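Below is one structure, written out as structure tokens; the observations come after it.
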Amino acid sequence: MQEIRNIPPAEERDYLARFLFMGDDVFKEVRMLSGGERTRLSVARLLVTDPNFLVLDEPTTHLDIPSREALEIALDDYAGTLLVVSHDRHLISRLADQLLIVEDGAGYLFPGRFEEWASPSGPAASPPGPKSKEDPARRRFGTPRKKPKDGTKANAASGFQIDPERKIAGLETHLAEVESELQSASERRDVEKVAALGKEYDQVRLELEQAWEEWEE
């Protein structure tokens with residue numbers, strides 16, 4: 001931190017505490033930090049220089065809940081412009097006031113928040129152009145237009161009730177976990193692990209698309 005900006009030690013420790021580096025943590029060597037701690041430190045180093053524009057690619061990957069909350073607070077207080085690429089809907093909902101929607105090699109700017117875009121009456125439900133409303137690739141980003149009245153669907157084979165919202169949430173969480181493991185395996189250059197995780201990622205993504213389709217039927 002002192003290499004980036006020479007500030008008094010007391011002020012520096014107060015600043016690092018915002019990113020959950022407290023007590024003896026401030027004396028750790030960087031090589032001893034976990035992936036999540038390295039992410040927090042990287043953001044701390046960026047923000048302390050008072051930049052006016054930040055580009056962040058999946059900033060919440062590898063972070064536990066307290067780390068995510070600390071990062072969200074720091075970015076929420078940031079006065080400059082943020083360009084964020086993320087699958088974290090909570091982060092996007094909290095930070096973004098404009099969305100760049102990219103599909104089929106083209107993109108358009110939506111001047112509003114995620115909740116507005118994803119609402120049943122918003123652009124996610126009625127996209128511009130000739131694209132079909134039933135396209136499953138678009139449905140993954142927004143809220144489905146039709147929900148079962150009781151939020152459940154009967155399984156004819158077993159008689160059990162399936163909660164589609166819980167199923168979709170579970171698959172989205174699983175997909176994010178596989179994506180995180182895939183990134184770690186890629187960094188380790190573990191070719192066999194990357195291949196296995198790649199197949200699992202495709203399978204989970206397919207199941208997620210099917211779950212969205214089932215929910216809208």
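Note that the structure is predicted; figures quoted are calculated from it, not measured. Because only heavy atoms are used, hydrogens play no part in the values below, and waters and symmetry mates are left out as well, while side chains stay in.
Residues forming a salt bridge (charged side-chain N to carboxylate O under 4.0 Å, His left out) with D57 (at least two apart in sequence, or on another chain): none.
Across all their heavy atoms, R38 and V30 have their closest contact at NH2-O, 3.3 Å. Between A176 and H87, the closest heavy-atom pair is CB-NE2, 3.6 Å.
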Show the atom names and distances, to 0.1 Å, of all donor-acceptor pairs under 3.5 Å that link a side chain in residues 48-56 to residues at least two apart or in another chain.
from : atom 1 : to  : atom 2 : distance (Å)
T49  : OG1    : L46 : O      : 2.7

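Salt-bridge formation is detected for the pair D76/R94: a Lys NZ or Arg NE/NH1/NH2 atom is positioned less than 4.0 Å from an Asp or Glu carboxylate oxygen. Under 4.0 Å is where a charged nitrogen must lie from a carboxylate oxygen, and between K28 and E37 at least one such pair does.
Note that CZ of R5 is 7.0 Å distant from CD of E11, once rounded to the nearest 0.5 Å. The CG atom of D77 sits 6.0 Å away from atom CZ of R18, with the distance rounded to the nearest 0.5 Å. Remark: F19 CZ to M1 CE distance equals 7.5 Å, nearest 0.5 Å. With rounding to the nearest 0.5 angstrom, the CD1 atom of I92 is 11.0 Å from the CZ atom of R89. Separating the CG atom in L41 from the CG atom in D25 is a distance of 11.5 Å, to the nearest 0.5 Å.
Between the side chains of E207 and H174, not a single donor N or O lies within less than 3.5 Å of an accepting N or O.
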Begin from the C-alpha positions of S93 and R113 and carry the test side chain to side chain contact (heavy atoms under 4.5 Å, CB included) through to its verdict. CA-CA 7 Å; S93 295; R113 306 191 71 84; over 6 Å; no

